[in-house]
Amino acid sequence: MTDLGLNQSGEAEEGFSPRLFWPIVIALSVLLGVLAVFSLLFIGPRHTGFLDLYTLFQTDPELASLILSDIRLPRTLLGLLTGATLGLSGAALQSLLRNPLAEPGVIGVSGGAAFGAVMVFYFGLAGGSILAVSTGGILGALSALGFLYLLAGKNPSVTTLILAGVALNGFAAAMTSLALNFSPNPYAALEIVFWLMGSLVDRSLSHIVFILPFLTIGWVFLFSTARGLNALTLGEDTAASLGFNLNWLKLRIILGCGLAVGAAVAVTGAIGFVGLVVPHLLRPFVGYQPSRLLLPSALGGAVLLTLADITVRLISPDIELKIGIITSLIGAPFFLYLIMHLRREMT
């Protein structure tokens, strides 16, 4: 068996301790709360730290409230929601595909969402509405889900899903490059490039309200697969003999990841490696049991992305780094470590 689940007798892999699950969940929840408060009250542009914000509340409470409600709160909430989505989706996909290198972009929905948003920039529609780019991203994600269903079929194998996702990602990347190549003006091309780097800047509560239904439905689908993912670690035949409908299980995971990740990418742009790194870091603490990995991965993803956003604001408060760059700088070395680790296991 792989290190993603149970052994042949249906018991947890060696090292699993049921007592660790809730301590990990509580610890991550507390850490997330601390980081969220720190992000909301202590980190901002120059001269707007906690003391300055407190002083501003005394002199101009209306302006201070505006900074909190319209600038910092949406950014903090979006970081929490996006990080949780990427961590949860990564854990579910790695368990479904039995592939430790799987991450939310593997099924092609992230690329589709990015391409949909890029089309909004390309045709000059981004200034028409505050939600124009997000709407384009959602439409791109839903289109990618439809094409994935057409390519993979009603009862796709793991290999078919991966190949269909690779094909969709390749096509979306090619069309995005084509849009950059034929961009009508350099400003549109620059907007596209910056958006593709991923960011939480200049997003509003309207963006969060817009994507929240998609995120909620996606999370419900993913959390509902917990028992099925445990059974799947014993093999598809065994899971089917235990009464699980594998087609419905795969569909829920694909739809859940597609809706949630597509909605998040539609607002934030491409943010990589969170869904790859977080499940790997937390899996040993839950005994390699997929059902116990979902919630900690969601919390861990939110922690990692919030921490990355705080780091971005501390490193360069005037000209911000894009958050996608920070997560890539964290994730790329970790990805190389995983590859070397797998090579050592195979030799």
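Within the 4.5 Å cutoff, the side chain of Val267 has no heavy atoms near those of the Val133 side chain. A 4.5 Å side-chain heavy-atom check between Leu255 and Phe221 finds at least one atom pair inside the cut-off. Proximity of Thr135 to Val120: side-chain heavy atoms (C-beta onward) are nowhere separated by under 4.5 Å. Counting heavy atoms from C-beta outward, Ile107 and Leu161 have side chains that stay 4.5 Å or more apart. The shortest distance between side-chain heavy atoms of Leu222 and Ser89 falls below 4.5 Å. Using a 4.5 Å heavy-atom threshold, the side chains of Pro279 and Leu293 count as touching. Here the side chains of Phe38 and Thr306 are not in contact, with every heavy-atom distance at 4.5 Å or above. Looking at Leu232 and Arg98, their side chains come closer than 4.5 Å, going by heavy atoms from C-beta outward.
With a 6.0 Å radius and a threshold of 12 heavy atoms from other residues, nucleotides or ligands, Asn181 has its CG atom above the threshold. Counting non-hydrogen atoms of neighbouring residues, nucleotides and ligands closer than 6.0 angstrom, the CZ atom of Phe171 reaches no more than 12 such neighbours. More than 12 heavy atoms of other residues, nucleotides or ligands sit less than 6.0 Å from atom CZ of Phe334. Atom CZ of Phe147 is surrounded by 12 or fewer heavy atoms from other residues, nucleotides or ligands within 6.0 Å.
In the hydrophobic clustering of ILVMFWY residues, with side-chain heavy atoms under 4.5 Å counting as a link, Leu329 and Val193 come out together. No path of Ile, Leu, Val, Met, Phe, Trp and Tyr side chains, each step under 4.5 Å between heavy atoms, connects Leu139 with Leu215, placing them in separate hydrophobic clusters. A continuous path of Ile, Leu, Val, Met, Phe, Trp and Tyr side chains, each step under 4.5 Å between heavy atoms, connects Leu305 with Leu212, placing both in one hydrophobic cluster. With hydrophobic clusters built from ILVMFWY side chains whose heavy atoms lie under 4.5 angstrom apart, Leu281 shares a cluster with Phe273. If you chain together hydrophobic residues whose side chains sit under 4.5 Å apart, Val37 and Leu68 fall into the same group.
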Determine, step by step, whether Glu236 and Ser157 satisfy the side-chain contact (heavy atoms from CB on, under 4.5 Å) criterion, reporting the C-alpha distance in whole Å, the side-chain angles of both residues, the deciding distance to 0.1 Å, and the verdict.
CA-CA 10 Å; Glu236 293 194 4; Ser157 65; over 6 Å; no
Any chance you could lay out the side-chain hydrogen bond (donor to acceptor under 3.5 Å, both in side chains) test for Ser134 and Arg203, step after step, and finish with the verdict?
CA-CA 10 Å; Ser134 301; Arg203 275 54 169 185; over 6 Å; no
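Applying the side-chain contact (heavy atoms from CB on, under 4.5 Å) criterion to Phe123, with sequence neighbours excluded, gives Met119, Leu125. Every residue meeting the side-chain contact (heavy atoms from CB on, under 4.5 Å) condition with Thr268, not counting sequence neighbours, appears here in chain and number order: Leu78, Thr82, Leu200, Ile271.
Screening Thr233, Val286, Asn230, Leu229 for a side chain to side chain contact (heavy atoms under 4.5 Å, CB included) with Ser291, the sole residue that qualifies is Asn230.
Rounded to the nearest 0.5 Å, atoms CG (Leu259) and CD1 (Ile211) are 12.0 Å apart. Separation of atoms CG (Leu73) and OG (Ser65) is listed at 11.5 Å; rounding is to 0.5 Å. Of the inter-residue distances, the one linking Thr160 atom OG1 with Leu151 atom CG reads 10.0 Å to the nearest 0.5 angstrom. Once rounded to the nearest 0.5 Å, the distance linking CD1 of Ile192 with CG of Leu180 reads 5.0 Å. Between the CG atom of Leu251 and the CG atom of Asn247 there is a distance of 8.5 Å, given to the nearest 0.5 Å.
A donor-acceptor pair is defined here as one N or O able to donate and one able to accept, closer than 3.5 Å; such a pair exists between the side chain of Ser95 and the backbone of Ala91.
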